[in-house]
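Presented below is the structure to which this report refers.
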There are 2 protein chains.
Amino acid sequence: MMGMNEEGSLTGNVGFLLGKLGQVASNRFAERLAAIGLRPRHCWLLESLRAAPTNQLDLARRLDVAPSVVVDMVDELERLEAVRRVRDTRDRRRQYVELTATGRTLLGRAARVGRDLDVELLAELSARQRTALRDALGVIAAANGLPTG
Amino acid sequence: MMGMNEEGSLTGNVGFLLGKLGQVASNRFAERLAAIGLRPRHCWLLESLRAAPTNQLDLARRLDVAPSVVVDMVDELERLEAVRRVRDTRDRRRQYVELTATGRTLLGRAARVGRDLDVELLAELSARQRTALRDALGVIAAANGLPTG
DNA sequence: TATTGTTATACTCTATAACTATA
DNA sequence: TATAGTTATAGAGTATAACAATA
């Protein structure tokens with residue numbers, strides 16, 4: 001027998017570990033992000049807009065959250081002048097959301113926070129393990145419809 | 001240049017991906033767990049008890065949640081007859097929490113749910129990538145004080 | 001009638017603080 | 001006084017449903 005996992009055990013389960021570590025990573029990311037006035041969900045939205053601007057309902061689909069949550073996030077990001085609502089002239093129901101120069105700057109700062117966090121999070125791994133982890137997570141993200149750059 | 005990541009991008013960032021994928025994994029785990037009346041946090045507690053029975057305050061420390069949250073979780077698990085509170089006879093302030101036979105059965109079912117989810121979550125990865133991912137997550141979990149079996 | 005965005009509301013999960021019973 | 005557990009309450013973060021404007 002090679003594995004250490006016992007029959008009825010959940011430790012060592014990838015979904016289980018992912019859930020716990022995701023919580024840890026998100027909390028740490030949130031703590032540091034607070035310094036620049038953002039929360040993780042704002043980054044998901046900004047990142048999605050950077051890939052391609054779109055309207056609010058489409059953002060809800062992309063981020064897999066309720067439309068009312070997008071309203072809230074866009075309100076907050078508009079207050080930070082990171083995004084701008086632009087009414088579609090051809091279908092006036094649609095609100096297009098655009099990234100501003102400020103938004104791009106904020107996203108850049110968030111990316112730096114993320115890189116710093118990665119260095120700490122992956123400190124115990126070898127260079128090879130880091131690459132393998134990054135690749136594996138990228139594949140899973142892509143398979144689940146998340147943006148992968 | 002080997003990487004595809006652009007300068008100001010967060011996609012490809014491990015902490016960022018971990019946060020999003022952790023949310024996805026947790027939500028799916030929660031959905032399926034509902035069929036057997038459990039939520040993810042119940043599994044963390046049951047898993048911790050399986051490793052070693054203890055009192056409520058120690059569980060709060062182990063799981064890194066507030067003591068009041070443990071009260072709630074133990075209430076719910078007692079209703080399911082998955083655990084039993086046993087008053088410590090030597091220090092009557094302490095409530096020891098024990099896993100029952102029912103609790104063991106439930107944990108076994110939860111483990112099956114976790115294994116099934118893993119198969120789907122890792123479907124796109126090669127056997128080698130799966131092992132590498134499992135190992136890397138285990139190392140990070142251990143480095144952050146989480147149980148690793 | 002259907003769709004986009006919005007508001008109102010409620011639910012889940014968690015933390016903090018006040019309380020009780022024991023020590 | 002201090003500790004283990006409990007209760008009450010409040011804060012995030014989310015979802016659902018009803019609504020207004022537009023199609």
Side-chain angles (χ1 to χ4, degrees), chain A residues 16 19-20 22-34 37-45 48-49 53-79 83-98, chain B residues 19-20 22-34 37-46 48-49 53-79 83-98:
Chain A
F16 194 68
K20 251 302 189 194
Q23 198 181 37
V24 169
S26 271
N27 285 346
R28 288 217 200 138
F29 191 47
E31 278 171 23
R32 289 151 197 243
L33 225 41
L38 294 178
R39 278 176 293 160
R41 65 180 197 166
H42 296 137
C43 295
W44 305 340
L45 197 150
S48 184
L49 280 184
T54 187
N55 61 22
Q56 295 188 191
L57 219 52
D58 188 46
L59 278 170
R61 281 186 285 263
R62 286 189 193 175
L63 305 177
D64 195 27
V65 295
S68 57
V69 172
V70 174
V71 172
D72 215 38
M73 290 193 285
V74 173
D75 282 350
E76 291 163 344
L77 287 168
E78 229 178 13
R79 249 174 262 133
V83 303
R84 204 173 14 233
R85 278 180 169 100
V86 181
R87 184 71 69 178
D88 184 335
T89 50
R90 285 188 290 192
D91 181 345
R92 290 183 43 74
R93 291 174 303 183
R94 284 193 165 87
Q95 292 272 34
Y96 271 80
V97 187
E98 286 177 359
Chain B
K20 245 306 187 196
Q23 197 183 36
V24 169
S26 273
N27 286 346
R28 288 216 200 138
F29 191 47
E31 278 171 22
R32 289 149 197 242
L33 225 41
L38 294 178
R39 279 174 292 161
R41 66 179 195 165
H42 296 137
C43 294
W44 305 341
L45 196 149
L46 292 176
S48 185
L49 280 184
T54 187
N55 60 24
Q56 295 188 191
L57 221 53
D58 188 45
L59 278 171
R61 279 186 287 263
R62 286 189 195 175
L63 305 177
D64 195 28
V65 295
S68 58
V69 172
V70 174
V71 172
D72 215 39
M73 289 194 283
V74 173
D75 282 351
E76 291 162 344
L77 287 169
E78 228 177 13
R79 249 174 262 132
V83 303
R84 204 171 16 231
R85 279 182 170 97
V86 181
R87 184 71 69 176
D88 185 335
T89 50
R90 286 188 288 192
D91 182 344
R92 290 182 42 73
R93 291 173 303 183
R94 283 193 167 85
Q95 294 271 34
Y96 271 80
V97 187
E98 285 176 1

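Letters A, B, ... mirror the listed sequences (proteins, then strands); counts begin at 1. All values below were derived from every heavy atom in this structure, side-chain atoms included, with hydrogens, water molecules and symmetry-related copies excluded.
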Subject >> Nearest-nucleotide comparison on DNA chain C, the residue closer to the 5′ end among A:Arg94 and A:Gln23 >> reply: A:Arg94
Original post:
For A:Arg85, does its backbone N or O pair with a side-chain atom of A:Glu78 as donor and acceptor, under 3.5 Å?
Top reply: yes
Subject >> Short side-chain to backbone donor-acceptor contact, A:Arg87 and A:Arg92, under 3.5 Å >> reply: yes
Proximal nucleotide (of [options]) relative to the [X] side chain:
X       : options              : value
B:Gln56 : C:dG5, D:dT6, C:dT14 : D:dT6
A:Asn55 : C:dG5, C:dT14, D:dG5 : C:dG5
B:Arg85 : D:dA4, C:dT14, D:dT6 : D:dT6
B:Leu57 : D:dT14, C:dT4, D:dG5 : D:dG5

Pairs: protein N or O with nucleotides 15-17 of chain C N or O, under 3.5 Å:
{"unit_1": "C:dA15", "atom_1": "OP2", "unit_2": "B:Ala66", "atom_2": "N", "d": "2.8"}
{"unit_1": "C:dT16", "atom_1": "O4", "unit_2": "B:Ser68", "atom_2": "OG", "d": "2.8"}

Original post:
Can you tell which of B:Leu46, B:Val69, B:Val65 makes a side-chain contact (heavy atoms from CB on, under 4.5 Å) with B:Arg41?
Top reply: B:Val69
Original post:
So, for B:Lys20 and A:Leu63, which heavy atoms are closest and what is the spacing to 0.1 Å?
Top reply: NZ-O, 3.3 Å
**OP:** Taking all non-hydrogen atoms of both residues into account, name the closest pair between A:Leu33 and A:Pro40 and its distance.
**Re:** CD2-N, 3.6 Å
Original post:
How many angstroms lie between OG1 in B:Thr54 and CZ in B:Arg61, if you round to the nearest 0.5 Å?
Top reply: 8.0 Å
Subject >> A:Gln23 CD to B:Gln23 CD distance, which is reported to the nearest 0.5 Å >> reply: 11.0 Å
Original post:
Can you check whether A:Arg61 has a side-chain N or O nearer than 4.0 Å to OP1 or OP2 of C:dT3?
Top reply: no
If I take atom [atom1] in residue [X] and atom [atom2] in nucleotide [N], what distance separates them, rounded to the nearest angstrom?
X       : N      : atom1 : atom2 : result
B:Asp58 : D:dA4  : CG    : P     : 10 Å
B:Met73 : C:dT14 : CE    : P     : 7 Å
A:Leu59 : C:dT3  : CG    : P     : 19 Å
A:Gln95 : C:dT6  : CD    : C1'   : 10 Å
A:Asp72 : C:dT9  : CG    : C1'   : 14 Å
A:Lys20 : C:dT14 : NZ    : C1'   : 12 Å
B:Tyr96 : D:dT3  : OH    : C1'   : 13 Å

**OP:** Give a yes or no on this: more than 12 heavy atoms of other residues, nucleotides or ligands lie within 6.0 Å of atom CG of B:Asp64.
**Re:** no
Subject >> B:Asp88 and B:Asn55, any side-chain heavy atoms less than 4.5 Å apart >> reply: no
Return the polar atom pairs (N/O with N/O) between nucleotides 20-23 of chain C and the protein under 3.5 Å, or none.
{"unit_1": "C:dA23", "atom_1": "OP1", "unit_2": "B:Arg92", "atom_2": "N", "d": "3.0"}

